Number of protein chains: 4
Amino acid sequence: MSTNKLTDIVNASVELFMKKGYHATSMQDIADAVGLQKGSLYHYISSKEDLLVMIIQEALDQYIGRLAEIAASDLPPREKFAQAVRHHLMGIATNLGHLTIFLREAYALTPEQQAIVKRETERYNRLVERIYQEGVEQGVFRPLDPPLVIRTVLGACNWFYRWYRPGGRMSLEEMADFFVDVLFNGIVVR
Amino acid sequence: MSTNKLTDIVNASVELFMKKGYHATSMQDIADAVGLQKGSLYHYISSKEDLLVMIIQEALDQYIGRLAEIAASDLPPREKFAQAVRHHLMGIATNLGHLTIFLREAYALTPEQQAIVKRETERYNRLVERIYQEGVEQGVFRPLDPPLVIRTVLGACNWFYRWYRPGGRMSLEEMADFFVDVLFNGIVVR
Amino acid sequence: MSTNKLTDIVNASVELFMKKGYHATSMQDIADAVGLQKGSLYHYISSKEDLLVMIIQEALDQYIGRLAEIAASDLPPREKFAQAVRHHLMGIATNLGHLTIFLREAYALTPEQQAIVKRETERYNRLVERIYQEGVEQGVFRPLDPPLVIRTVLGACNWFYRWYRPGGRMSLEEMADFFVDVLFNGIVVR
Amino acid sequence: MSTNKLTDIVNASVELFMKKGYHATSMQDIADAVGLQKGSLYHYISSKEDLLVMIIQEALDQYIGRLAEIAASDLPPREKFAQAVRHHLMGIATNLGHLTIFLREAYALTPEQQAIVKRETERYNRLVERIYQEGVEQGVFRPLDPPLVIRTVLGACNWFYRWYRPGGRMSLEEMADFFVDVLFNGIVVR
DNA sequence: TATGAATGAGAGTTCATTCAT
DNA sequence: AATGAATGAACTCTCATTCAT
């Protein structure tokens with residue numbers, strides 16, 4: 001428990017939403033987890049959806065911010081792209097709660113909120129796409145359909161939240177390297 | 001409307017669950033869509049969850065059946081794997097409703113039903129994994145960690161349901177070929 | 001299964017009402033037990049309550065009829081009363097279903113039907129009361145408040161349905177004799 | 001209306017269950033009686049059955065407690081037994097609602113709850129039986145089959161709830177004395 | 001006689017949210 | 001800041017009954 005009640009509430013919600021799902025989690029569950037009456041939650045948040053928005057916003061902010069740094073760096077595109085993939089996977093792994101909720105529950109948002117999420121997500125994709133295109137221009141990446149590349153690559157990465165659990169036989173770094181390897185070189189022998 | 005009311009109900013549910021989500025769809029919504037009183041639905045199904053189970057089961061049955069055929073064929077592994085990927089994507093695309101619900105809403109099932117789904121899903125993965133391993137044995141696929149390969153490949157494919165919508169600029173076949181290409185050869189120039 | 005469908009339906013209802021209770025038994029339960037669709041039941045009965053009425057009526061008819069015979073006989077009052085008690089207990093025991101339902105579920109009837117049942121029941125009580133009063137007149141029974149005597153005696157007897165189950169260590173006759181003995185002589189040593 | 005809402009709800013339920021029966025009483029009826037929305041009832045109880053359990057438990061607690069005192073007293077057995085009967089009848093009369101519900105609706109409980117009720121009821125019977133047996137040992141009661149004696153006596157007493165209504169021509173004490181007299185001495189002249 | 005689809009009312013229950021204290 | 005009583009709408013599901021076939 002931190003000194004900040006709102007943080008406690010959000011954290012408890014992340015845990016519960018991840019474990020039980022957004023719809024299956026009641027305000028009572030959250031109140032119980034945080035040691036308040038459910039009515040008291042409304043001193044800190046304005047609605048259950050507000051909580052979902054906050055969690056998703058937090059996930060978005062963090063990843064886009066960090067990716068923007070990578071994109072703005074002067075690394076060669078190949079390294080940039082590799083770092084983007086690694087960063088993406090690490091982000092999922094180290095914030096499994098937020099990211100699970102973002103990737104799984106966003107469609108529970110109101111259309112307005114979904115639009116915001118979609119816009120942010122597209123901004124993210126565009127950043128990655130630009131890195132890819134830099135690589136194409138420099139002749140290091142094959143000249144493929146960029147949106148499709150991004151969807152394939154990020155799809156593979158996003159699925160990570162469905163099966164990654166800490167404490168497996170492989171380290172996170174090894175898995176990230178694996179993804180980069182497969183997405184860069186494919187699975188076919190040359 | 002078909003002559004079979006149950007089919008109508010399932011179809012209406014697929015559409016509604018896909019559009020609004022399982023939790024956000026009420027039995028009243030389904031009844032309205034199909035022109036019955038909500039109580040009347042229970043002549044055909046035993047519960048709302050039953051509906052979800054049927055939809056997901058249908059998705060599972062179809063795909064595993066078809067994949068088993070591919071796996072049992074005497075095609076060379078490279079072709080088998082390519083077909084598996086194509087079949088997977090086509091399956092998603094041509095049954096977008098069922099597959100969206102399967103991939104997005106399965107965690108709304110009871111633990112018992114989730115266990116069944118998990119078992120079936122793992123059977124599916126195992127089939128694909130075996131194809132990959134055949135390829136490794138024959139020297140056509142790189143000897144990588146098999147479970148991780150499968151997760152990466154199927155992750156990329158599964159994500160398809162999140163963005164594929166019929167009527168885009170590319171044909172389904174082109175997209176399937178694209179996936180096979182990228183997953184086989186990666187995005188890096190050689 | 002008899003050749004008479006209505007009889008089958010009533011019998012199945014008796015069994016189900018006794019085992020599960022009137023409210024907890026659905027028309028579907030009855031239909032299942034008798035091998036019909038529930039809609040088909042309405043060719044034989046007009047409502048669920050009708051069924052209850054029939055069962056209770058059957059119980060009433062039988063017992064009142066038989067008791068009237070006893071009352072009209074020229075046995076001495078003491079023997080008449082003893083026979084009435086025996087007959088009452090035997091009646092409960094050999095028609096446990098009907099009697100259980102009568103004694104337990106009659107209050108589920110509509111006020112109109114309840115009134116009928118009440119009238120019949122009072123007729124029954126009056127018959128027993130008259131036997132008692134004959135005995136008082138002849139000096140064989142103590143001159144106590146007749147309605148209270150009847151309520152005490154029949155209360156003790158009615159309770160029989162709550163605990164009697166066939167196949168116990170004592171025979172029905174022994175139990176009937178026991179009741180007569182206790183109600184005639186009390187439990188105190190003289 | 002008391003200051004305790006739960007008490008109000010229970011009292012209203014007792015009245016309604018007694019008058020209309022447990023199954024025929026809806027949560028809406030209770031809510032109306034107590035001036036709440038039906039959903040609001042669930043702040044105080046967890047289910048309709050919970051209400052029934054509470055009512056029945058209350059009946060059980062009270063009577064067993066009081067009987068245990070009588071049984072533990074150093075009165076002579078004859079007086080103990082008489083008091084037990086009186087106490088039983090008074091208990092029914094002064095808590096007609098609770099006792100009616102207990103005696104009439106207990107079989108609407110789940111099997112688990114029924115088992116508890118059965119256990120408690122048997123404990124009660126055992127207490128009365130022991131009093132009777134004391135009397136037999138001291139030569140004041142006839143040596144009859146004890147379980148049957150108890151069933152006869154308590155059956156007669158339990159039936160009381162079916163016909164006793166306050167304000168009759170006889171006082172409660174007179175009726176209790178009557179029961180004791182009849183059960184002790186029988187109805188036959190000596 | 002029998003079906004089985006359909007009704008329509010109502011059941012118990014849940015839940016996010018509000019608000020006086 | 002916190003309570004907890006209360007709301008009110010919505011929810012899934014049940015069921016006795018009807019009726020065209």
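Given the structure is predicted, the values throughout are model-derived calculations rather than measurements. So you know, we letter chains A, B, ... as the sequences are listed, proteins then strands, and number each from 1.
- Listed nucleotides: F/dA6, F/dT12, E/dA6. Nearest to the side chain of D/L36: F/dA6.
- Distances from the side chain of D/K5 to the nucleotides F/dC13, E/dA16, F/dA6 place F/dA6 closest.
- F/dT21 is paired with E/dA2 under the criterion used here, namely a Watson-Crick or G-U wobble arrangement in which both key atom distances are under 3.5 Å.
- When both pairing distances are held under 3.5 Å, E/dC15 makes a Watson-Crick or G-U pair with F/dG8.
- Atom CG of D/D32 is separated from atom P of E/dG10 by 13 Å (rounded to the nearest Å).
- Between the side chains of C/N11 and C/E15, no donor-acceptor pair of N or O atoms lies under 3.5 Å.
- Closest to the D/K48 side chain, of the nucleotides F/dA5, E/dG12, F/dA16, is E/dG12.
- Within the 4.0 angstrom heavy-atom criterion, no nucleotide atom of any strand lies near C/S46.
- Interatomic distance, D/E49 CD to D/I45 CD1, rounded to the nearest 0.5 Å: 11.0 Å.
- For the pair C/L52 CG and F/dA16 C1', the computed distance is 14 Å after rounding to whole Å.
- Among the nucleotides E/dC15, F/dA6, E/dG12, the one closest to any side-chain atom of D/S26 is E/dG12.
- Proximity of C/K38 to the phosphate of F/dT18: no side-chain N or O atom is located under 4.0 Å from OP1 or OP2.
- Residue B/Q28 contributes atom CD, which lies 12 Å from atom P of E/dG8 at whole-angstrom precision.
- C/S40 comes within 4.0 angstrom of a base, heavy atoms only.
- Rounded to whole angstrom, the span from the CD atom of C/Q37 across to the P atom of E/dT3 amounts to 5 Å.
- Computed from coordinates, the D/H23 NE2 to F/dT14 P distance equals 15 Å when rounded to whole Å.
- Across the protein-nucleic acid pair, B/K20 atom NZ and F/dA10 atom C1' stand 12 Å apart, rounded to whole Å.
- By the 6.0 Å and 45° rule, B/R104 does not stack over the aromatic ring of B/Y161.
- In this structure, C/H23 and D/H23 have parallel ring planes: the angle between them is below the 30° cut-off, well short of the 60° mark.
- Closest contact between the side chain of C/H43 and the listed nucleotides E/dG12, E/dA5, E/dT1 involves E/dT1.
- Distance CG (B/L41) to P (F/dT12): 10 Å, rounded to an integer number of Å.
- The 5' end of DNA chain E is approached more closely, in terms of each residue's nearest nucleotide, by D/G39 than by the other of D/G39 and A/Y42.
- Between D/I92 and D/N158 the shortest heavy-atom distance is CD1-CA, 4.1 Å.
- Between B/M27 atom CE and E/dT14 atom P the separation is 18 Å, expressed in whole Å.
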